[in-house]
*Asks:* 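Pasting a structure here, questions to come.
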There are 2 protein chains.
Amino acid sequence: MKHISRFSHLGELSDKDYFRIALSVDCVIFGFEDGELKVLVIKCNIKEYKGKWSLLGDLVRPDEDLDSASYRILKERTGLDDVYLEQVHTFGKVNRHPAGRVITTTYFSLVNIKDYQLKLNDNELHWHPVNDIKEMAFDHFEILTTCLERLREIVEDHPVVFNLLPRKFSLRELQSLYEAILNIKLDRRNFRKKFFMMDWLIDLNEYEEDVPHRPGKLYKFNQAKFGKKAKKVS
Amino acid sequence: MKHISRFSHLGELSDKDYFRIALSVDCVIFGFEDGELKVLVIKCNIKEYKGKWSLLGDLVRPDEDLDSASYRILKERTGLDDVYLEQVHTFGKVNRHPAGRVITTTYFSLVNIKDYQLKLNDNELHWHPVNDIKEMAFDHFEILTTCLERLREIVEDHPVVFNLLPRKFSLRELQSLYEAILNIKLDRRNFRKKFFMMDWLIDLNEYEEDVPHRPGKLYKFNQAKFGKKAKKVS
DNA sequence: TCAAAAGTGTTTCCTATACACCCATGA
DNA sequence: TCATGGGTGTATAGGAAACACTTTTGA
């Protein structure tokens, strides 16, 4: 390995002292089911945090771009690609991982739970209601909180939540999703007005079926208005 | 080093293949001078990018928190501590650094150029107008662009720009700063109204001196309204 | 007396919010 | 016929933006 002369004023430590950090990616994968915002978690199997939930993560390979690592992890764990994925924050406290110096970059993603069969591997992969989680392994609860805050900021302006819904959805489902994410109640009339005004929805002229009340109209997301912007890492 | 069993399903590579990544921090330090937004840069001395500007950065030490590293770099290069510093994004393309696998986490900071004597070391440290920069060493131009975008988002809602001004400033200086950051012209009357309404300013009942026109009133930032929030890494 | 910037109000428009009733469907 | 949610409109308030003239000071 060549000497990194850009950093050469640090004479005291040699390169091999620095190239001893591992970088991981942790994905906070949100889903929506039964009117609740959920997050994909897995039982932790290291002894320090035995039995606690942890996020889906993996080490970044030496020959792998950081962004690519996040896509790989999502693909490996859920079978999904071409979904919304966004980098949120990098956590780097010295002792955040008991096995050594591991710095982690976190991404969040939004997927429609029902559309895909999760690859339930050897480990206990599980959709857990976000609001029920009070602690996790490592610093993952802090990571979850940070990503949830970011999600709440982003949904105010950006049409990303459609990734959480089936292709066809009713306005009730959409509003229920916003209420789950923001953890507030919204006025139905104003909600509808706002969405029609923003022109994010395409009326499918179809109706819900198998609901025990008057069926609502179904809509799909007006993807054409946004192109690929809402689908790729920024 | 203990085996990281959390990642043990990756059988093909051993721990020592992963713990070979270096992590750096790059700081985008903004200043304001002569009505222009400037950024602190340094001449690059590695052969691949000889003579190009680069950001202030350094490798994260193995026993140093990521956030601490950003404070250390700022302190070493500018003598400043207790300034606004915020993590923006982590860049991790495989070949972004010619000397090896170096992933960098970027922070931006806002400092008042005039208040401090920069520690001009052996290298050519320099305040450069942001708008004049078209290319930089490494991926630093992309980093700069990303941080500038973040700055523009943040100043819309958060009172952070006061770090760029002297303690006492006129409304003209404040407006000129906003115009420099956002790269737009603002209406003076609406600008004044907005700031008085937000209650971010304290009227010092003092006036500018040595200006070749009618002196304006001086104000200071109403720090009490925000406590430490605007001063620390979030 | 001139140049340059300080200081000041009003109107308009748009958006956000609050709020209540009838309608269609399935059970 | 009843329960459940679907669907609709209006009034109000507050913030954003557009816009022009007088005043003060230094040169």
Side-chain angles (χ1 to χ4, degrees), chain A residues 32-36 152-159 161 165-166 168-220 225, chain B residues 32-36 152-159 161 165-166 168-220 225:
Chain A
F32 181 60
E33 198 179 38
D34 305 328
E36 283 185 311
R152 286 177 175 156
E153 288 165 14
I154 270 186
V155 298
E156 305 274 7
D157 298 311
H158 302 280
V161 298
L165 292 172
K168 303 177 178 186
F169 51 85
S170 67
L171 277 169
R172 174 174 33 80
E173 290 173 299
L174 184 61
Q175 180 175 343
S176 151
L177 171 55
Y178 272 84
E179 291 178 337
I181 292 174
L182 300 174
N183 209 22
I184 52 174
K185 277 282 163 202
L186 297 167
D187 181 89
R188 194 158 45 94
R189 287 159 294 190
N190 293 334
F191 185 84
R192 298 167 79 90
K193 234 181 308 177
K194 186 170 161 186
F195 273 84
F196 290 135
M197 200 158 5
M198 287 192 297
D199 199 28
W200 285 3
L201 302 178
I202 293 174
D203 186 341
L204 292 169
N205 279 304
E206 292 175 60
Y207 291 85
E208 289 180 295
E209 286 171 21
D210 302 318
V211 287
H213 53 77
R214 174 177 175 182
K217 267 199 169 183
L218 293 176
Y219 299 86
K220 67 172 184 179
K225 272 203 76 139
Chain B
F32 181 61
E33 197 178 42
D34 305 327
E36 282 184 311
R152 285 177 176 157
E153 289 164 15
I154 269 185
V155 297
E156 305 275 6
D157 299 312
H158 302 279
V161 299
L165 292 171
K168 302 177 179 187
F169 52 85
S170 68
L171 276 170
R172 175 174 33 79
E173 291 173 297
L174 184 61
Q175 179 174 345
S176 150
L177 170 55
Y178 272 85
E179 291 178 335
I181 292 174
L182 300 174
N183 209 25
I184 53 174
K185 279 280 162 202
L186 297 168
D187 181 89
R188 195 158 45 94
R189 286 159 294 188
N190 293 334
F191 185 84
R192 299 166 79 89
K193 233 182 308 178
K194 186 169 159 185
F195 274 84
F196 289 135
M197 200 158 6
M198 287 191 299
D199 199 27
W200 284 3
L201 303 178
I202 293 174
D203 185 339
L204 292 169
N205 279 303
E206 292 176 58
Y207 290 86
E208 289 180 295
E209 285 170 22
D210 301 319
V211 287
H213 54 76
R214 175 177 174 183
K217 267 198 168 183
L218 294 176
Y219 299 85
K220 68 172 182 178
K225 271 203 77 136

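Chain naming here is simple, since letters A, B, ... match the order of the sequence lines and numbering starts at 1 in each. Predicted, not measured: the structure shown is a model, and the values here were computed from it.
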*Asks:* Look at all strands and tell whether R188(B) reaches a base, only sugar-phosphate, or nothing, counting heavy atoms closer than 4.0 Å.
*Replies:*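 Contact class for R188(B): base.
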*Asks:* If we only count heavy atoms from C-beta on, is the L171(A) to R188(A) side-chain gap below 4.5 Å?
*Replies:*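 The answer is no; the side chains never approach within 4.5 Å.
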*Asks:* Take atom NZ of K217(B) and atom C1' of dT8(C), then tell me their distance rounded to the nearest Å.
*Replies:*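 Roughly 13 Å, once rounded to whole Å.
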*Asks:* Please tell me which of M197(B) and N190(B) maps to the more 5' nucleotide of DNA chain D, matching each residue to the nucleotide holding its nearest heavy atom.
*Replies:*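 Upstream on the strand: M197(B).
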*Asks:* Once you round it to whole Å, what is the distance between P of dA5(C) and CD of E173(B)?
*Replies:*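 Rounded to whole Å, this separation is 13 Å.
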*Asks:* Between C1' on dG9(C) and CG on D187(B), what's the gap in Å once rounded to a whole number?
*Replies:*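 Distance check: D187(B) CG to dG9(C) C1' gives 12 Å.
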*Asks:* Give me the one residue out of K220(A), K217(A), E206(A), E208(A) that meets side chain to side chain contact (heavy atoms under 4.5 Å, CB included) with K168(A).
*Replies:*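 Of the listed residues K220(A), K217(A), E206(A), E208(A), the side chain to side chain contact (heavy atoms under 4.5 Å, CB included) partner of K168(A) is E206(A).
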*Asks:* Report the distance from atom CG of D187(A) to atom NZ of K194(A), rounding to the nearest 0.5 Å.
*Replies:*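 Going from the CG atom of D187(A) to the NZ atom of K194(A) covers 11.5 Å.
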*Asks:* For E173(B) and S170(B), indicate whether the former's side chain and the latter's backbone hold a donor-acceptor pair under 3.5 Å.
*Replies:*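 Answer holds: yes.
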*Asks:* If I take atom CD in residue Q175(A) and atom P in nucleotide dG7(D), what distance separates them, rounded to the nearest angstrom?
*Replies:*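 Spelled out: CD on Q175(A) to P on dG7(D) is 12 Å.
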*Asks:* Given dG7(C), is OP1 or OP2 found less than 4.0 Å from the side-chain N or O atoms of R214(B)?
*Replies:*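 Indeed not, no polar side-chain atom of R214(B) lies that close.
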*Asks:* Based on the rotation axes of five pairs at each end, what angle does the helix from dT1(C)-dA27(D) to dA27(C)-dT1(D) bend through, to 10°?
*Replies:*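 Answer for the end axes of this duplex: 0°.
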*Asks:* Closer than 4.0 Å, any side-chain N/O of R172(A) to the OP1 or OP2 of dG6(D)?
*Replies:*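 For dG6(D), OP1/OP2 do have a side-chain N/O of R172(A) under 4.0 Å.
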*Asks:* Rounded to whole Å, please give me the gap between CG in L186(A) and P in dG5(D).
*Replies:*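 Going from CG in L186(A) over to P in dG5(D) covers 17 Å.
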*Asks:* Spell out yes or no: do the side chain of K193(A) and the base of dT15(C) have one donor N/O and one acceptor N/O closer than 3.5 Å?
*Replies:*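 Absent.
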*Asks:* So which atom in F32(B) and which in S176(B) form the shortest heavy-atom distance, rounded to 0.1 Å?
*Replies:*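 For F32(B) and S176(B), the tightest heavy-atom pair comes out as CZ-OG, 3.3 Å.
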*Asks:* What integer distance in Å separates Y219(B):OH from dA6(C):P?
*Replies:*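 Going from Y219(B) (OH) to dA6(C) (P), I get 11 Å.
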*Asks:* Check DNA chain D against residues 203-213 of chain B and give the residues with a non-hydrogen atom under 4.0 Å, in numerical order.
*Replies:*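 Those residues are V211(B), H213(B).
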*Asks:* Does the side chain of R152(B) come within less than 4.5 Å of I181(B)'s, by heavy atoms?
*Replies:*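 Of all side-chain heavy-atom pairs linking R152(B) with I181(B), at least one is under 4.5 Å.
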*Asks:* By the 4.0 Å heavy-atom rule, please label R192(A) as base, sugar-phosphate, or nothing.
*Replies:*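 The residue R192(A) makes base contact.
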*Asks:* So F196(B) and Y219(B), would you call those rings parallel, tilted or perpendicular, with 30° and 60° as cut-offs?
*Replies:*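 Rings of F196(B) and Y219(B): tilted, as their planes differ by 30° to 60°.
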*Asks:* If I take atom CG from residue L186(A) and atom CZ from residue R192(A), how far apart are they, to the nearest 0.5 angstrom?
*Replies:*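 One gets 13.5 Å once the value is rounded to the nearest 0.5 Å.
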*Asks:* Using a 4.0 Å heavy-atom cut-off across all strands, classify K194(A) as base, sugar-phosphate, or nothing.
*Replies:*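 No contact at all - K194(A) keeps every heavy atom at 4.0 Å or more from the nucleic acid.
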*Asks:* K185(B) has an atom NZ; how far is it from atom C1' of dA17(D), in whole Å?
*Replies:*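 Distance check: K185(B) NZ to dA17(D) C1' gives 17 Å.
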*Asks:* Answer with yes or no after comparing the ring centroid distance for Y178(B) and F195(B) against a 6.0 Å cut-off, counting only values under it.
*Replies:*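 Ring centres of F195(B) and Y178(B) closer than 6.0 Å.
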*Asks:* Which whole-number value in Å describes the distance from I184(B) CD1 to dA18(D) P?
*Replies:*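 Rounded to the whole Å, the gap is 10 Å.
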*Asks:* Find out whether L174(A) and L201(A) are in side-chain contact, i.e. whether some heavy atom of one side chain is under 4.5 Å from a heavy atom of the other.
*Replies:*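 When only atoms from C-beta onward are counted, L201(A) and L174(A) do touch, with a gap below 4.5 Å.
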*Asks:* Counting only distance, no hydrogens or angles, is the base of dA20(D) paired donor-acceptor with the side chain of R189(B) under 3.5 Å?
*Replies:*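 It does, because a donor-acceptor pair links the side chain of R189(B) to the base of dA20(D) below 3.5 Å.
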